[in-house]
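For the numbers below, each heavy atom of this structure counts, side chains included, while hydrogens, waters and symmetry mates do not. In this chain, residues are counted from 1 in sequence order.
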Amino acid sequence: MPRPFRFGVNMLTLDTGPTWREKCRRAEELGYDVLLVPDHLGWPSPFPALVAAAEATERPRVGTFVLNAGFWNPALLAREVATTDALTGGRLELGLGTGYVKAEHDAAGLPFGTPGQRVDHLERTVTELDRLLGGPEHLPRAAQRPRPPLLIGGNGPRMLRLAARHAEIAAFTGARQAPGRPEGTLELLPAEKVAASVAAYQEYAADRAEPAELNILVQRVLVTDDRRAAAREFAAHAVGVDEEQALAVPTLLIGTPAQMADQLREHRERYGFSYITVLDPFLEAFAPVVEELKGS
């Protein structure tokens, strides 16, 4: 049987405390399962934002999507994770990645390093979090034992192996730095490259006792009665895929809500993606799809 769908929304902007809490309550009302916060300078600070989200709601879990491991010392991160998990009543899911924007590291006075060094640091962070949060002497104590569920996001072979070894949730970004474009500008990977990443992950994860949940971040939700015209218009913006590819990639949803629901069923069948994350500008547009697929 396929794993049931779960739906998360990545919350990118914070204006005031009341508007933040209202947006969280609205996401709960619309049926979202997880309220998520990323980790970029200039955006909300993840842990206090998640505590506020949990206090404003009752049902959804909360999570980081994803923490930039390069910003964090593992011991200090363990303190933040345990405190947040305790304050949210064990609703935290911890998402981790390597970080990909050098300018943010420069602004913070932190080394960026090579891709290999960033993965090394992430691996040390995961190992230390397991040791610290799983130890009976660690204070404060996380509500979930031995630690909150771990999500690891990435596409490269080392990241996929790391997710296969440690993560309860494996997240696939389906995007990469756009060549020749400003740092942090992403382009979408064609469907066959996403499929290759999933196949590599499944090979690395073959010996897991329990299969992980697979997540995909949907970059755009384009509501339309004309899928092809919308795909053509989107592809014209040099986003890494052409019109035909835009119709097939799992990082785009194009069409009516019923068509989008069909796309997600197909993507779950092909790739195994059952945990779907959208960005908060599409909170309302995606809600009819959440309603249609709830419990399936």
Donor-acceptor pair, side chain of [X] and main chain of [Y], under 3.5 angstrom:
| X | Y | answer |
| --- | --- | --- |
| R147 | D130 | no |
| E243 | A231 | no |
| N10 | D280 | no |
| T256 | Q259 | yes |
| W43 | P38 | no |
| K23 | P18 | no |

Is [X] linked to [Y] within one hydrophobic cluster, defined over Ile, Leu, Val, Met, Phe, Trp and Tyr using a side-chain heavy-atom separation of less than 4.5 Å?
| X | Y | result |
| --- | --- | --- |
| W72 | V51 | no |
| V218 | L222 | no |
| L14 | V62 | yes |
| L94 | V126 | yes |
| V101 | V66 | no |

Mark yes when over 12 heavy atoms from residues, nucleotides or ligands other than [X] sit less than 6.0 Å from its [atom1]; otherwise mark no.
| X | atom1 | result |
| --- | --- | --- |
| E269 | CD | no |
| Q177 | CD | yes |
| E203 | CD | no |
| N73 | CG | yes |

Side chains of [X] and [Y], heavy atoms from C-beta outward: is any pair under 4.5 Å?
| X | Y | answer |
| --- | --- | --- |
| V194 | T251 | no |
| L247 | R228 | yes |
| L252 | L188 | yes |

Output the distance between atom [atom1] ([X]) and atom [atom2] ([Y]), rounded to the nearest 0.5 Å.
| X | Y | atom1 | atom2 | value |
| --- | --- | --- | --- | --- |
| F47 | R79 | CZ | CZ | 11.0 Å |
| L151 | E213 | CG | CD | 8.5 Å |
| Q219 | L217 | CD | CG | 4.5 Å |

Test side chain to side chain donor-acceptor pair (under 3.5 Å), reference T57, set E28, R25, R91, output is R91
Of R165, R118, H166, the one forming a side chain to side chain donor-acceptor pair (under 3.5 Å) with E123 is R165
Show your reasoning for whether side chain to side chain contact (heavy atoms under 4.5 Å, CB included) applies to Y204 and L162.
CA-CA 9 Å; Y204 301 141; L162 186 62; over 6 Å; no
Any chance the side chains of [X] and [Y] put a donor and an acceptor closer than 3.5 Å?
| X | Y | value |
| --- | --- | --- |
| N155 | T173 | yes |
| S296 | R268 | no |
| T277 | N215 | yes |

Is E292 paired with R265 through a side-chain N to carboxylate O contact shorter than 4.0 Å? yes
What do the steps show when you test F5 against V290 for side chain to side chain contact (heavy atoms under 4.5 Å, CB included), and what is the final call? CA-CA 9 Å; F5 283 112; V290 173; over 6 Å; no
ring-ring contact (aromatic ring centres under 6.0 Å, His included) test vs F7 passes for just one of Y32, Y275, F273, F286, namely F286
Exercise for review: Would you please test R21 and T16 for side chain to side chain donor-acceptor pair (under 3.5 Å) and show each step?
Suggested key: CA-CA 9 Å; R21 292 175 176 86; T16 67; over 6 Å; no
Does the gap between the ring centers of H105 and Y100 come in under 6.0 Å?
no
Given the ring of F282, does R220 sit roughly above its face, with NZ or CZ under 6.0 Å from the centre of the six-membered ring and within 45° of the axis?
no
task = Determine, stepwise, if the pair Q202 / V198 fulfils side chain to side chain contact (heavy atoms under 4.5 Å, CB included).
result = CA-CA 6 Å; Q202 296 290 12; V198 172; 4.2 Å; yes
Apply the test side chain to side chain contact (heavy atoms under 4.5 Å, CB included) to residues T98 and H121: give CA-CA distance (whole Å), side-chain angles for both, the deciding distance (0.1 Å), then the verdict. CA-CA 8 Å; T98 61; H121 178 69; over 6 Å; no
